[in-house]
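The structure appears below as structure tokens.
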Protein chains: 2
Amino acid sequence: MIPEATVARLPVYLRALTALAEGGIRTCSSEDLASAAGVNSAKLRKDLSYLGSYGTRGVGYDVDYLRYQIAREIGVTHDWPVVIVGIGNLGHALANYSGFRSRGFRVVALLDADLDRTGELVAGVPVRPFDDLEAIASEHAVAIGVIATPAAAAQDVADRMVAAGVTSILNFAPAVISVPEGVDVRKVDLSIELQILAYHEQRKAHETGREVAAAIGGDQ
Amino acid sequence: MIPEATVARLPVYLRALTALAEGGIRTCSSEDLASAAGVNSAKLRKDLSYLGSYGTRGVGYDVDYLRYQIAREIGVTHDWPVVIVGIGNLGHALANYSGFRSRGFRVVALLDADLDRTGELVAGVPVRPFDDLEAIASEHAVAIGVIATPAAAAQDVADRMVAAGVTSILNFAPAVISVPEGVDVRKVDLSIELQILAYHEQRKAHETGREVAAAIGGDQ
DNA sequence: TTCTGTGAATTGTTTCACAGCC
DNA sequence: GGCTGTGAAACAATTCACAGAA
């Protein structure tokens with residue numbers, strides 16, 4: 001059983017290893033890989049230790065071998081079919097995102113409730129009516145769905161996805177969706193990320209203010 | 001000093017409170033708010049306790065009052081000016097995202113290195129050359145920048161942002177960027193989120209396999 | 001000697017359970 | 001009686017520090 005925090009970092013290691021491999025590097029130390037991934041080496045080694053012993057003491061890790069082991073652990077040695085629902089600005093961006101294709105995912109359908117959009121080609125894939133969801137999900141055995149609709153539609157879309165057999169949902173809509181036991185949801189929310197930054201930014205401003213005040217105050 | 005895990009949830013509570021307020025609800029219990037935010041009530045109360053005592057025992061929380069207190073704590077009672085660099089598909093989607101405006105952020109400029117894009121209007125804001133970054137950042141006192149460029153450009157953009165006085169960066173490029181002490185970076189990576197789902201999906205598949213095997217095996 | 005793999009210590013987060021206030 | 005606020009307990013993640021393999 002791999003800790004959740006480790007699972008969330010494995011894709012980062014995978015990407016870093018791919019970058020190293022593309023740079024022609026065949027072997028790396030935990031220090032090298034950790035710095036490419038933006039973590040410290042103790043954490044990296046601990047994380048990798050949950051997968052097994054894929055390194056060599058005194059030497060390091062074979063880049064290709066470790067890359068394969070992580071890809072296998074994550075489950076991206078084969079492609080996962082994915083549907084995207086909601087082809088607005090964000091849906092367009094997602095459909096065009098080439099990183100999906102190269103990292104283990106294949107967009108098998110783009111769905112939108114607006115029938116005026118039907119037939120429109122986005123990244124070479126035709127937009128289809130949302131009602132085709134069940135047919136597509138069962139035809140392609142889709143387990144992963146992406147919601148890129150407005151917040152108001154998100155729960156309905158999620159319900160339909162679950163009914164159609166989808167058991168993992170990536171939700172970009174700014175809404176909390178509830179799903180049955182056994183279905184995983186991950187949420188990406190742009191304005192929440194910015195608000196977290198704003199909080200720290202505000203604290204930095206206070207900090208500076210205090211330092212300035214202290215400097216002005218001098219040694220009174 | 002508010003724990004980081006709590007800080008990351010405050011924006012979720014803020015959004016849930018806004019939804020309650022829009023539904024005409026003036027008072028709510030920790031249970032109500034927790035369920036609107038998708039967390040359990042003990043965690044919610046513990047989180048809110050770091051901000052102060054803004055509830056009333058036996059009654060609950062005043063929605064508007066708590067909303068204001070959280071907004072103040074996060075620092076979104078006034079707007080933060082933001083620049084977006086990289087106006088490709090994702091940059092377009094971000095520029096058009098209305099949640100920015102309504103949640104404490106104002107896009108003051110869209111920048112792109114491709115000069116053919118200069119002047120193009122996106123969501124009513126003209127695209128400007130990347131080299132205008134310093135002028136814009138100092139004119140609007142921009143502290144927060146968004147990177148929506150390809151991975152290869154991300155580090156350069158981050159360096160220029162930091163030099164221009166930006167101290168918080170939201171990075172959508174699939175690359176690790178390094179910044180000096182005192183600069184915050186948050187990363188949003190679409191394919192990493194999908195890979196995390198894939199990991200759990202794969203485990204569910206194994207689990208099912210085992211259950212099926214056990215069922216077939218019966219009580220042998 | 002170098003660098004991995006990992007117990008042990010530390011630090012952070014969540015959950016429990018109830019005292020205290022309305 | 002109902003619900004918040006919070007110590008204390010349980011759990012999870014990170015970091016330390018070093019034994020041991022190459």
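Letters A, B, ... are given to chains in the order of the sequence lines, protein chains preceding strands, and every chain is numbered from 1. Just so it is clear, the model here is predicted, and its values are computed rather than measured.
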*Walk me through it: do A/F100 and A/Y97 pass the test ring pair (Phe, Tyr, Trp, His ring centres under 6.0 Å)?*
CA-CA 6 Å; A/F100 280 165; A/Y97 179 49; 5.1 Å; yes

*Euclidean distance, atom CG of residue B/L66 to atom P of D/dC3 [Å, nearest integer]*: 17 Å

*Excluding sequence neighbours, so at least two apart, what forms ring-ring contact (aromatic ring centres under 6.0 Å, His included) with A/Y50?*
none

*What is the distance from OH of A/Y54 to P of C/dT6, rounded to the nearest Å?*
12 Å

*Using only side-chain N and O atoms of A/S30, determine if any of them is under 4.0 Å from OP1 or OP2 of C/dT4.*
yes

*Starting at CG of B/L51 and ending at C1' of D/dT6, how long is that distance when rounded to a whole Å?*
14 Å

_Considering all heavy atoms, the nearest B/A198-A/V76 contact_ = CB-CG1, 4.3 Å

*Mark up nucleotides 7-16 of chain D, 5' to 3', with B wherever a protein heavy atom is under 4.0 angstrom from a base atom, S wherever such an atom reaches only the sugar-phosphate, and - elsewhere.*
BB----SSB-

*Quickly work out the A/Y61 OH to D/dA21 P distance and round it to whole Å.*
16 Å

*For A/L44 and C/dG5, give me the distance from atom CG to atom C1', rounded to whole Å.*
12 Å

*What is the distance from CZ of B/R45 to C1' of C/dT13, rounded to the nearest Å?*
16 Å

*Taking for each residue the nucleotide of DNA chain D bearing the nearest heavy atom, is the 5' side occupied by B/S53 or by A/R57?*
B/S53

*Is it true that the side chains of A/R45 and A/S30 contain a donor and an acceptor less than 3.5 Å apart?*
yes

*Length of the CG-P vector between A/D32 and C/dT2, whole Å*: 15 Å

*Is there side-chain contact between A/I177 and A/I147, with heavy atoms separated by less than 4.5 Å?*
yes

*Would you check if the distance from the ring center of A/Y61 to the ring center of A/Y54 is below 6.0 Å?*
no

*Check the distance between C/dC22's C1' and B/D62's CG and give it to me in whole angstrom.*
15 Å

